[in-house]
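Notes follow the structure.
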Amino acid sequence: PKPAWNLFSREQEVQVGKEAGAEVEKQLPLLKDSDPVTRYVQNLGARLASHAPAPAYPYTFKVGNQTEINAFALPGGPIYVNLGTIQAADNEAQLAGVMSHEISHVVMRHATAAATKQMLAQAPLSILGGLMGKGIGAQLAQFGISFGVGSYFLRNSRKAESEADLVGTDILYDSGYDPHQMAVFFEKLEQEGGGGNSRAAEFFSDHPNPGNRAASVSKEVATLTPKKYQADS
Ligand code: ZN
């Protein structure tokens, strides 16, 4: 899939993501950069990001010190993975699956595309085009748009989820991981959660199940040359 039409330039996207990241980090307790878990996630993230479709974004990976199972990506590259997500994974490919899925939301520019849609509903393109040139932060505030914790624009549609699964499948395959493990992990979390009062509730609120997840991944994998996937590092 190709990213939808978007009012934000890539530079603006990186800038709003950085600003939102600074806000997120005031609210989300993080493991230190020197923590071995953070270093492991950053190494894994760099490996996956090196197989993300061009253009390259300045991806960063940080670990939320929380037992809730959650992961999210901000526009332009900042990605946060909770400790609970790492603990819930049965193997490295499952964690790599969540992270590839998040990288794919950045690649597909899903958050800023959703914001673009809202801005177009509020003002004609002829006005928006001029506004976007003048200090992006102030303009977004005027439209009530922010990308921090709980942002409406980080809640993905089912279509966005399908796209992130598809792009994520290719990133996993190119990085040497079994892409099926991404769908296996999502389905495992969903089954364990069941009745709504789940540690993964926020994750599924932001990443709704697009349906037939495993079948879609298998269909994409069938188009790729079979290879031996790598085991846990
Ligand atoms: Zn998602």
Side-chain angles (χ1 to χ4, degrees), residues 1-4 6 13 17 20-21 24 28 41 44-45 48-49 51-53 57 59-64 66 68-82 84-86 88-89 93-117 147-173 175 177 179-193 198-221:
K2 293 266 175 285
N6 199 309
E13 205 163 32
V24 163
L28 181 66
V41 167
L44 178 57
L48 298 168
H51 294 285
Y57 280 97
Y59 297 98
T60 57
F61 300 89
K62 297 191 179 179
V63 180
Q66 292 191 316
E68 285 82 19
I69 297 162
N70 200 12
F72 60 96
L74 299 176
I79 291 172
Y80 298 85
V81 182
N82 270 356
T85 312
I86 302 166
Q94 292 188 355
L95 176 60
V98 172
M99 292 170 67
S100 298
H101 178 98
E102 297 303 334
I103 289 171
S104 302
H105 281 307
V106 175
V107 169
M108 293 302 297
R109 315 182 73 192
H110 284 142
T112 49
T116 292
K117 228 173 166 180
F147 295 100
V149 172
S151 164
Y152 167 78
F153 303 102
L154 300 185
R155 266 176 235 155
N156 292 287
S157 65
R158 288 187 162 75
K159 180 167 178 278
E161 283 304 292
S162 295
E163 291 177 350
D165 282 355
L166 185 54
V167 175
T169 295
D170 288 352
I171 294 173
L172 284 166
Y173 174 88
S175 305
Y177 291 104
H180 297 101
Q181 290 297 320
M182 174 176 60
V184 169
F185 189 42
F186 284 161
E187 286 178 351
K188 171 185 124 124
L189 293 181
E190 210 165 10
Q191 278 161 14
E192 283 176 4
S198 135
R199 280 198 302 146
E202 200 179 330
F203 181 81
F204 285 110
S205 154
D206 290 351
H207 304 275
N209 184 350
N212 302 318
R213 202 153 223 164
S216 306
V217 170
S218 294
K219 198 175 153 203
E220 174 68 5
V221 172

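Indexing begins at 1, ligand by ligand and atom by atom, following the structure's order.
- Between Val24 and Lys62, every side-chain heavy-atom pair lies at or beyond the 4.5 Å cut-off.
- Within His207, the N, O or S atom at minimum distance from the Zn ion (ligand 1) carries the name ND1.
- Contact annotation: the side chain of Leu74 approaches that of Leu154 to within less than 4.5 Å [non-hydrogen atoms, C-beta and beyond].
- Note on His110: not counted as a metal contact of the Zn ion (ligand 1), no N/O/S atom lying under 2.8 Å.
- The pair Glu187-Arg213 does not count as a salt bridge, with every side-chain nitrogen at least 4.0 angstrom from each carboxylate oxygen.
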### Message
Could you go through Glu220 and Thr169, starting from their C-alpha distance and side-chain angles, then the distance that decides it, and tell me whether this counts as side chain to side chain donor-acceptor pair (under 3.5 Å)?
### Response
CA-CA 7 Å; Glu220 174 68 5; Thr169 295; over 6 Å; no
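- Closest approach between the Zn ion (ligand 1) and any N/O/S atom of Glu161 involves OE2.
- As for His105, its N/O/S atom nearest the Zn ion (ligand 1) is the one called NE2.
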